[in-house]
Amino acid sequence: MDTRSRLSRALRTPILFCRHANRLYHRRFGRRECNEDGVDPFEADWDNLFILDACRYDMFERRTELPGRLERAESRASTTVEFLRANVDGRDLSDTVYVTANPQLSQHRESIDAQFAAVVDVWRADGWSNEHGTVLPETVTEHALRAAEEYPNKRLVVHYMQPHYPFVGSDADFDGGDFSDPEATEENVWVQLLQGQTDVDRDEIWELYDGNLDRALPHVEDAMRELGGKTIVTADHGNMVGERAFPIPFREWGHPRGVYTPELVDVPWLVYESGARRTIRAATPDDRDESPDDDVVAERLRDLGYAE
């Protein structure tokens, strides 16, 4: 969707016009492409970087019992694509393997130059749960442990899909996201709430959202303890759950791109150390996985609803 189409859509829907105006404010009218005050997670010292998708700091602080030292950090992004562009694009990460439940890197591979030693797309084939419409956290942990065996001298980025919508195992009657638009970043549940199309109580949404994080945390802890070394648990961005946006103070839902309120950029930064550190070496050209076949990628994305 180009800028003119977005403006036209916003003008037809006043609340989206307000969101667009807030985005212009946060991005300084196009003078910055990300939240420049945010931390660069790839500059930090770690063996394992665990990313909880759409996990805000206050939520994590309330729900977690994970071992380690918890601090608050500020993300450079309010969406996954923005996070990847701000932190990964054009960077030499040949010492790092990316294990991900989120298809966004593959979806945007033409515009994001990610030079990882390998990318493990958990959402492909047997990694995807048709029942739940997402990748379950235990599946991500299984793939992360397998990747550690296959790449013993690499740093690991492990990207869990939770607590991001859909709400795993809930009985809520919410549709999944409309991903036919490759630039779409919000799920239908958040759009419905934003536009007043559903009267679901905010406390119920919080219960479901918290439950998604609770569902993931035991499997995150399993991976932390099994992998050893120095692990950081963080998030790519947060999520708004009916709080007032800024500077136009309407009730915002989801994680709109280019908006940097505390609910969207304040993320956890949990540091846990256990056992010996890993000896990290960059990949040589022979070590790198071959690029996936474009036809296979397109087929998988169609199966997931991301592309027509």
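The figures that follow rest on heavy atoms only: side chains count, while hydrogens, waters and symmetry mates do not.
- In this structure, His108 and Leu84 have side chains that are not in contact, with every pair of non-hydrogen atoms separated by 4.5 Å or more.
- A salt bridge (charged side-chain N to carboxylate O under 4.0 Å, His left out) with Glu82 is found for exactly one of Arg257, Arg32, Arg27, namely Arg27.
- Cation-pi check for Arg19 over Trp253 is not met; the charged atom does not lie both under 6.0 angstrom from the ring centroid and within 45 degrees of its normal.
- Between atom CZ of residue Arg215 and atom CG of residue Leu136 there is a gap of 5.5 Å, rounded to the nearest 0.5 Å.
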Can you list the steps and then say if Lys154 with Asp95 is a salt bridge (Lys or Arg N to Asp or Glu O under 4.0 Å)?
CA-CA 5 Å; Lys154 300 290 182 287; Asp95 63 350; over 6 Å; no
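- Salt bridge annotation for Arg56-Glu243: present, with a cationic side-chain nitrogen under 4.0 angstrom from a carboxylate oxygen.
- Salt bridge annotation for Asp214-Arg63: present, with a cationic side-chain nitrogen under 4.0 angstrom from a carboxylate oxygen.
- In summary, the aromatic rings of Tyr25 and Phe246 are positioned with their centroids under 6.0 Å apart.
- Note that CZ of Arg23 and CG of Leu16 are 9.0 Å apart. Values are rounded to the nearest 0.5 Å.
- Under the 4.5 Å side-chain heavy-atom criterion for Ile, Leu, Val, Met, Phe, Trp and Tyr, Val267 and Leu217 are members of distinct hydrophobic clusters.
- Considering CG of Leu194 and SG of Cys18, their distance stands at 9.5 Å, rounded to 0.5 Å.
- A donor-acceptor pair is defined here as one N or O able to donate and one able to accept, closer than 3.5 Å; no such pair exists between the side chain of Asp53 and the backbone of Asp236.
- Residue Met240 is not grouped with residue Val81 when hydrophobic side chains (ILVMFWY) are merged at heavy-atom distances under 4.5 angstrom, including chains of intermediate members.
- Classified by interplanar angle (parallel below 30°, tilted 30° to 60°, perpendicular above 60°), the ring pair Phe167/Tyr165 is perpendicular.
- Side-chain contact between Val122 and His159 is absent, with no heavy atoms from C-beta onward closer than 4.5 Å.
- With sequence neighbours left out, the side-chain contact (heavy atoms from CB on, under 4.5 Å) criterion links Glu71 to Arg69, Trp269.
- Panel note: side chain Thr279, backbone Asn153; no donor-acceptor pair is recorded below 3.5 Å.
- Distance alone, capped at 3.5 Å, is enough to place a donor-acceptor pair between the Arg109 side chain and the Ser106 backbone.
- A single hydrophobic cluster is seen to contain both Trp123 and Leu145, as judged by linkage of ILVMFWY side chains at heavy-atom distances under 4.5 Å, directly or through other members.
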What's the verdict on salt bridge (Lys or Arg N to Asp or Glu O under 4.0 Å) for Glu221 and Arg225, showing C-alpha distance, side-chain angles and the deciding distance?
CA-CA 6 Å; Glu221 183 171 3; Arg225 296 189 185 279; 2.8 Å; yes
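- Side-chain contact check for Asp121 versus Val119: some heavy-atom pair is nearer than 4.5 Å.
- Phe250 and Val241 fall within a single hydrophobic cluster, where Ile, Leu, Val, Met, Phe, Trp and Tyr side chains are chained together by heavy-atom contacts under 4.5 Å.
- Ring planes of Phe116 and Tyr98: parallel class, angle under 30° (limits at 30 and 60°).
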I would like to know whether Arg28 and Glu33 meet salt bridge (Lys or Arg N to Asp or Glu O under 4.0 Å); could you show each step before the answer?
CA-CA 9 Å; Arg28 306 294 187 261; Glu33 291 298 316; over 6 Å; no
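- Contact of the Asn48 side chain with the Lys230 side chain is not registered, since no non-hydrogen atoms from C-beta on lie closer than 4.5 Å.
- Checked by atom type and distance alone, the side chain of Arg155 never pairs as donor or acceptor with a backbone atom of Thr96 at under 3.5 Å.
- The backbone N or O of Ser75 lies less than 3.5 Å from a partner atom in the side chain of Asn35, making a donor-acceptor pair.
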Is there a salt bridge (Lys or Arg N to Asp or Glu O under 4.0 Å) between Asp37 and Arg76? Walk through the geometry before answering.
CA-CA 7 Å; Asp37 296 327; Arg76 304 174 80 182; over 6 Å; no
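- Side-chain N/O atoms of Asp222 and Thr141 include no donor and acceptor closer than 3.5 Å.
- With values rounded to the nearest 0.5 angstrom, His164 atom NE2 is found 4.5 Å from Met161 atom CE.
- Put simply, Tyr57 and Leu264 are part of two different groups of oily side chains (I, L, V, M, F, W, Y) that touch within less than 4.5 Å, one to the next.
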Walk me through it: do Glu61 and Leu70 pass the test side chain to side chain contact (heavy atoms under 4.5 Å, CB included)?
CA-CA 8 Å; Glu61 183 186 36; Leu70 176 61; 4.2 Å; yes
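- Separating the NE2 atom in His26 from the OG1 atom in Thr261 is a distance of 6.0 Å, to the nearest 0.5 Å.
- Using modelled atom types, one side-chain atom of Gln162 and one backbone atom of Val135 make a donor-acceptor pair closer than 3.5 Å.
- The line from CD1 of Ile112 to CZ of Arg85 is 5.0 Å long, rounded to the nearest 0.5 Å.
- Note on Arg91 versus Asp113: no salt bridge recorded, every NZ/NE/NH1/NH2 to OD/OE distance being 4.0 Å or above.
- There is no side-chain donor-acceptor pair under 3.5 Å between Thr100 and Asn102.
- At a threshold of 4.5 Å between non-hydrogen side-chain atoms, the residues Ile51 and Val157 count as touching.
- Look at Asp47 and Arg277 and you find a salt bridge, because one of the NZ, NE, NH1 or NH2 atoms lies within 4.0 Å of a carboxylate O, short of that distance.
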